[in-house]
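One structure is given below, encoded as structure tokens.
So you know, we letter chains A, B, ... as the sequences are listed, proteins then strands, and number each from 1. Keep in mind that the numbers below use all heavy atoms, side chains included, and drop hydrogens, waters and symmetry copies.
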2 protein chains.
Amino acid sequence: MSTSEEHPGERITEAEHAVMEVLWDRPRQTAADVCEEVCAQRGWSLATVKTLLSRLVQKGALLAEPDGRRFLYTPAIAREAYVGGESRRLVDRLFGGSAASLVAHLAESEALTDQDLAEIEALLKELRA
Amino acid sequence: MSTSEEHPGERITEAEHAVMEVLWDRPRQTAADVCEEVCAQRGWSLATVKTLLSRLVQKGALLAEPDGRRFLYTPAIAREAYVGGESRRLVDRLFGGSAASLVAHLAESEALTDQDLAEIEALLKELRA
DNA sequence: GCGCAAGGTTTACATATGTAGTCGCCATGA
DNA sequence: TCATGGCGACTACATATGTAAACCTTGCGC
């Protein structure tokens, strides 16, 4: 059941993740573009964004496509893969690998609203079909 | 705000979490006891466990109950709370706060086995009752 | 042509984290 | 009573992470 991951495990950090989100939302953006999207919210400077972009490229999480004298950054890993990996990590670490346990916990701890429950039910019905 | 400040937000790290699990499983254990449980698996030395225990006490995640010249460590926070917090953090960060989205993702990414699905369905039915 | 602005690269530095050694105290058995 | 071993406290140190400044290169507008 191994995911098609071959990077030795270059974890993406919290701060880096914020940058990834911007690029998943819209690929091929410059450092300035990314900053435009997050610097305000996170109180970062352009320099910080540059650093994070570099580190992400090094980690193989981003691709830097040359565009004249600058780079257009694009995710090298799909959001789905990342989200899946993180989710799995959580489930493994806290729920003994049982996703059902996670759902159970969410439900019991009232982290799920009635609407959530309805949505999940609908979803399950669909999956069963 | 004295030393024994109660910070609900003091993050517990991966390594520290391993120690917490041992104590959640069985409270009031000494450093040596805890080591007994994890040193082998994680390849840690007793010293490492001691450091982690100290940090956890500082963070307010553990209580050190004096027992003669040593301490019996006990979780100061319930596992439920920790698990809930971590789950919520993940949901917020990756699923825009929608727990249902998480479940949807798990389902779609086949992280849920048929049995998981069945369990969840049963669970939902119960919650509806 | 030339300086400036835009971009990436290097360097920086504090705090966090993983992992562990060392110090000093003291209860206990020889 | 005295050496020992067990124990927490203090110290250590490399790497990771957050955050950013300094620096270097080069295309462009004037």
Which pair of heavy atoms, one from [X] and one from [Y], lies closest together, and at what distance?
X        : Y        : result
B:Ala61  : B:Met20  : O-CE, 3.4 Å
B:Asp116 : A:Ala100 : OD1-CB, 3.5 Å
A:Ala76  : A:Gly60  : CB-O, 3.4 Å
B:Thr74  : B:Pro27  : CG2-CB, 3.9 Å

In whole angstroms, how far is the [atom2] atom of [N] from the [atom1] atom of [X]?
X       : N      : atom1 : atom2 : answer
A:Arg55 : C:dT11 : CZ    : C1'   : 12 Å
A:Arg11 : C:dG18 : CZ    : C1'   : 15 Å
B:Lys50 : C:dC23 : NZ    : P     : 13 Å
A:Leu53 : C:dA6  : CG    : P     : 17 Å
A:Gln29 : C:dG7  : CD    : C1'   : 16 Å

Which protein N or O atoms sit under 3.5 Å from an N or O of nucleotides 28-30 of chain C?
none

Name all residues meeting the ring-ring contact (aromatic ring centres under 6.0 Å, His included) criterion together with B:Phe71; count only those two or more places apart in sequence or in a different chain, and write none if there are none. none
Which part of the nucleic acid, if any, lies within reach of B:Ala31 when heavy atoms closer than 4.0 Å are counted: base, sugar-phosphate only, or nothing? sugar-phosphate
Contact class for A:Thr30 vs. all strands (heavy atom < 4.0 Å): base, sugar-phosphate, or nothing? nothing
Going by heavy atoms closer than 4.0 Å, what residues in [range] are next to DNA chain D?
range                     : result
residues 68-78 of chain B : B:Arg69, B:Arg70, B:Phe71, B:Tyr73
residues 39-48 of chain A : A:Gly43, A:Trp44, A:Ser45, A:Ala47, A:Thr48
residues 12-28 of chain A : A:Thr13, A:Glu14, A:Ala15

Would you grab the first and last nucleotide of DNA chain D (5' to 3') that comes under 4.0 Å of any non-hydrogen atom in chain A? D:dT17 to D:dG27
Could you tell me whether [X] and [Y] have a side-chain N and a carboxylate O separated by less than 4.0 Å?
X        : Y        : value
A:Arg28  : A:Glu65  : yes
B:Lys125 : A:Glu121 : no
B:Arg70  : B:Asp67  : yes
A:Lys59  : A:Glu16  : yes
A:Glu86  : A:Arg11  : yes

After noting the C-alpha distance and the side-chain angles of A:Leu106 and B:Leu102, does the key distance pass the side-chain contact (heavy atoms from CB on, under 4.5 Å) rule? CA-CA 10 Å; A:Leu106 290 172; B:Leu102 164 56; 4.0 Å; yes
